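Here's the structure we're looking at; comments come further down.
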Amino acid sequence: MQTKKIIVLISGDGSNLQALIEKLHLPKENIGASEIVLVISNNADAYGLTRAKDAQIKHLVISSDTDISPLEYDALLTVQIEKLQPDLILLAGFMRILGKPFVRQYGHKMLNIHPSLLPKYQGINTHQRAIDNAEKEHGASVHFVTPEIDNGPVVLQAKVPIFDDDNVAELSARVHTQEHLIYPLSAQWFLSGRLKLNAGNAELDGKCLAKDGYAPD
Ligand code: GRF
């Protein structure tokens, strides 16, 4: 079987990228091998670039610190994607909104990880908002990317408790730990052909997943 190719898009620390490197950037002789062929950051200071460099993964910056239009930005991403023809595109803390044409083109093979139990807390500052609302549980969701932000079909969620005295840093660390498990697992499902987007639904092993993904409890 051919090695599956992955492109990862980041903006920051890249702890999810690290988990993906450890679980999916595998030597070619492995059965079902996959390789992260490129890491793209929109932020030149992203620590994730150092992680890519340390793992000897090709990486580049397509800066959004310019007056380039959203469509032009997506076109630059498209050039890289078309060059490498990846099997899977993973958004891992990529803090840019992708345009509708781009998402329509690649949405069938593009996943995102979001730090909340979607559909709750789409958008930013999810941990603070969950604490402010006195939620008892919170978590992370892996989902297919659709033109509506943080709204695509959910693949897998992980729940964590919120304790009374939690602050954002503690809660974020707890969520990150779970993210590092569910994101590589979801990607593996996709790469092995078990997970697909079919007629707008996430399907695992040919079965349509529930709206909160696979076995969330
Ligand atoms: C994660 O919490 C992810 O859910 C969100 O952005 C954060 C990225 O963290 N989309 P990291 O850069 O992978 O550490």
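Being a predicted model, the structure only gives us computed values, none of them experimental. Whatever order the structure lists them in is the order used to number ligands and atoms, beginning at 1.
Sequence neighbours left out, not one pair with a member in residues 100-118 passes salt bridge (Lys or Arg N to Asp or Glu O under 4.0 Å).
Within 4.0 Å of ligand 1, counting heavy atoms only, the contacting residues are Asp13, Gly14, Ser15, Asn16, Gly93, Ile113, His114, Pro115, His176, Glu179.
Here the shortest heavy-atom pairing between Leu171 and His127 reads CD2-O, 3.8 Å.
Salt bridge Asp164/Lys136: present, at least one basic N to carboxylate O contact under 4.0 Å. Electrostatic pairing of Lys159 and Glu137 counts as a salt bridge here, judged by a charged N lying under 4.0 Å from a carboxylate O.
Under the rule for a ring pair (Phe, Tyr, Trp, His ring centres under 6.0 Å), the partners of His180 that lie at least two apart in sequence or sit in another chain are His176.
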Scan the side chains in residues 139-146 for donor-acceptor partners under 3.5 Å anywhere in the protein, sequence neighbours excluded, and list what turns up.
residue	atom	partner	partner atom	Å
Ser141	OG	Ser116	O	2.6
Ser141	OG	Leu118	N	3.0
Ser141	OG	Gln157	NE2	3.0
His143	NE2	Asn112	ND2	3.1
Thr146	OG1	Glu148	O	3.4
Thr146	OG1	Gly152	N	3.4

